[in-house]
Amino acid sequence: MLGFLYSWPLEFLPRKAPSPRFISTMKFGADIPDNCGGNYKYPAWDCRHGRVLLRDNWAPTHLVVWDPMTGRQRKLKVPTSMGYVNGATALFCAASGCDHHACHAGPFQVVFLGLDMTDDDNCVAHARVSSPVTGDWSKSFSDVEWSDMCSSLQLAPDALIDSMPSILVENTLHFMLTHDDDDSVKILKYDLSSNCLSLIDAPLSGAIISGSTILMSMEDGSLGFAHVDKVTLNIWSRQLDANGIASWNMCTVVELMNLIPIQNPTKRLKLIGSMEGSDIIFITADLGIYEVNIKTLQWKKLWKREKFRYLIPYMSFYNPPEWLRPCDVAH
């Protein structure tokens, strides 16, 4: 069973096939019951393979991995050896050969990415990966081992990791980088196989308005970059040529005035998320929030207009025997 996740309790709408559910960290946050004695707000950082990664506002040095299908949760302590001025986290399934259709109860890993300033005012990026955390949800707290830091990558002093969740393409995580001085963007790439960080230039140069760009994991398995300019949506896909060299190719241009309801074209549109492994993005317009398939040009309205910073799609199969009432969760 699947539906839309708004706040606790969950509301399920049956479907024949998986469809997304959404967590808005700006509007609702995620409410996780704690000892059946009240709910607390946990901002979401990432969501993938049937799990949601949350920050614990009551203990900033901890992360919470939450399975919305069962209500189970695991707390993880972040690596204390990483001092950082800006950071991001991501999680993914650690089961070999998994098709990710119903792996929310299996092992997972977490990536912790941090930016730090050196004594000479240079910005450097580091990454560490947790050891696989088993699917033993009877343990509410997990002491995980973290890998050694990967080789640092020097960035511009004004670089910041955007709050938009990471994008996973094959075995590589991608994070959007913004720059305060000129409002330009780049893409920070972390290869899980080689434990290496690198930079990718965006297909656009110069100043970019906040909220006008997002990264995508395209249906064809490539990295995508979406940008909305007034009412025109431009999509690039990063492809390899015959020599194995990657470059950006413009693949789609959509005139949104001809697609979704827009009453005031001078009201700035915002891109607030995408669904991994598909060609679906989420757009805020003056009349509401819309899900748009950039390949088929099919769309549907999700909500009336809300001031969301981003939406995180959640998708997982529901196996009824796994469901627990909130108060049944082990602590």
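Bear in mind the structure is a predicted one, so any value in this text is a computation, not a measurement.
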Taking every non-hydrogen atom, the tightest pair across [X] and [Y]:
X: M164; Y: Y310; answer: SD-CB, 3.4 Å
X: H126; Y: S152; answer: CE1-CB, 3.3 Å
X: G221; Y: V169; answer: O-CG1, 3.1 Å
X: L197; Y: S151; answer: CD1-O, 4.4 Å
X: S274; Y: I167; answer: OG-CD1, 3.9 Å
X: P313; Y: C47; answer: O-SG, 3.6 Å

For the backbone of [Y] and the side chain of [X], can you confirm whether one donor and one acceptor N or O come within less than 3.5 Å of each other?
X: D158; Y: D180; value: yes
X: E276; Y: L168; value: yes
X: H227; Y: N234; value: no
X: D229; Y: T232; value: no

With distance as the sole criterion, is a donor-acceptor pair present between the side chains of [X] and [Y] under 3.5 Å?
X: N249; Y: S237; value: no
X: T172; Y: E170; value: no
X: D241; Y: N243; value: no
X: S278; Y: E219; value: no

**Asked** Salt bridge or not for R128 and D148, using N-O below 4.0 Å?
**Response**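 The answer is no: the pair does not qualify as a salt bridge.
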**Message:** I'd like to know if D46 pairs up with R48 as an ion pair, taking the criterion as any Lys NZ or Arg NE/NH1/NH2 lying under 4.0 Å from an Asp or Glu carboxylate oxygen.
**Reply:** yes
**Prompt:** Considering residues, nucleotides and ligands other than E255, do more than 12 of their heavy atoms fall under 6.0 Å from its CD?
**Reply:**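 Yes, CD of E255 has more than 12 neighbouring heavy atoms, counting only those of other groups under 6.0 Å.
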**Asked** Is atom NZ of K301 surrounded by more than 12 heavy atoms (other residues, nucleotides or ligands) closer than 6.0 Å?
**Response**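 Enclosed: over 12 neighbouring heavy atoms sit under 6.0 Å from NZ of K301.
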Answer yes or no: is there a side-chain heavy-atom contact under 4.5 Å between [X] and [Y]?
X: I281; Y: L233; value: yes
X: F92; Y: V111; value: yes
X: L269; Y: D286; value: no
X: I283; Y: I272; value: no
X: L199; Y: L153; value: yes
X: Y190; Y: C196; value: no
X: L297; Y: L259; value: yes
X: H62; Y: L76; value: no

Membership question, hydrophobic clusters at under 4.5 Å side-chain separation (ILVMFWY): are [Y] and [X] in the same one?
X: V292; Y: I312; value: yes
X: M218; Y: M250; value: no
X: F175; Y: I187; value: no
X: L204; Y: L177; value: no
X: L155; Y: V124; value: no

Output the distance between atom [atom1] ([X]) and atom [atom2] ([Y]), rounded to the nearest 0.5 Å.
X: R238; Y: S222; atom1: CZ; atom2: OG; result: 10.5 Å
X: I200; Y: S247; atom1: CD1; atom2: OG; result: 11.5 Å
X: L302; Y: L311; atom1: CG; atom2: CG; result: 7.5 Å
X: I294; Y: I235; atom1: CD1; atom2: CD1; result: 4.0 Å
X: F112; Y: L63; atom1: CZ; atom2: CG; result: 7.0 Å
X: W146; Y: S130; atom1: CH2; atom2: OG; result: 5.0 Å

**Message:** Pair L91, R51 - check side chain to side chain contact (heavy atoms under 4.5 Å, CB included), show working.
**Reply:** CA-CA 8 Å; L91 85 165; R51 309 168 185 86; 3.6 Å; yes
**Request:** Go through the steps for W45 and L54 under the test side chain to side chain contact (heavy atoms under 4.5 Å, CB included), then give the verdict.
**Result:** CA-CA 5 Å; W45 276 20; L54 308 157; over 6 Å; no
**Request:** Dump the intermediate steps for side chain to side chain contact (heavy atoms under 4.5 Å, CB included) on M176 and T213, then the final yes or no.
**Result:** CA-CA 9 Å; M176 187 84 80; T213 60; 3.6 Å; yes
**Prompt:** Only one of L188, L173, V129 forms a side-chain contact (heavy atoms from CB on, under 4.5 Å) with L113, so which one is it?
**Reply:**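 Exactly one pass, corresponding to L188.
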**Asked** What do the steps show when you test H174 against L223 for side chain to side chain contact (heavy atoms under 4.5 Å, CB included), and what is the final call?
**Response** CA-CA 9 Å; H174 301 83; L223 176 65; 3.7 Å; yes
**Message:** For W236 and F225, take the angle between the two ring planes, folded into 0 to 90°, and tell me which bin it lands in: parallel under 30, tilted 30 to 60, perpendicular over 60.
**Reply:**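 Because their plane-to-plane angle is over 60°, the rings of W236 and F225 count as perpendicular.
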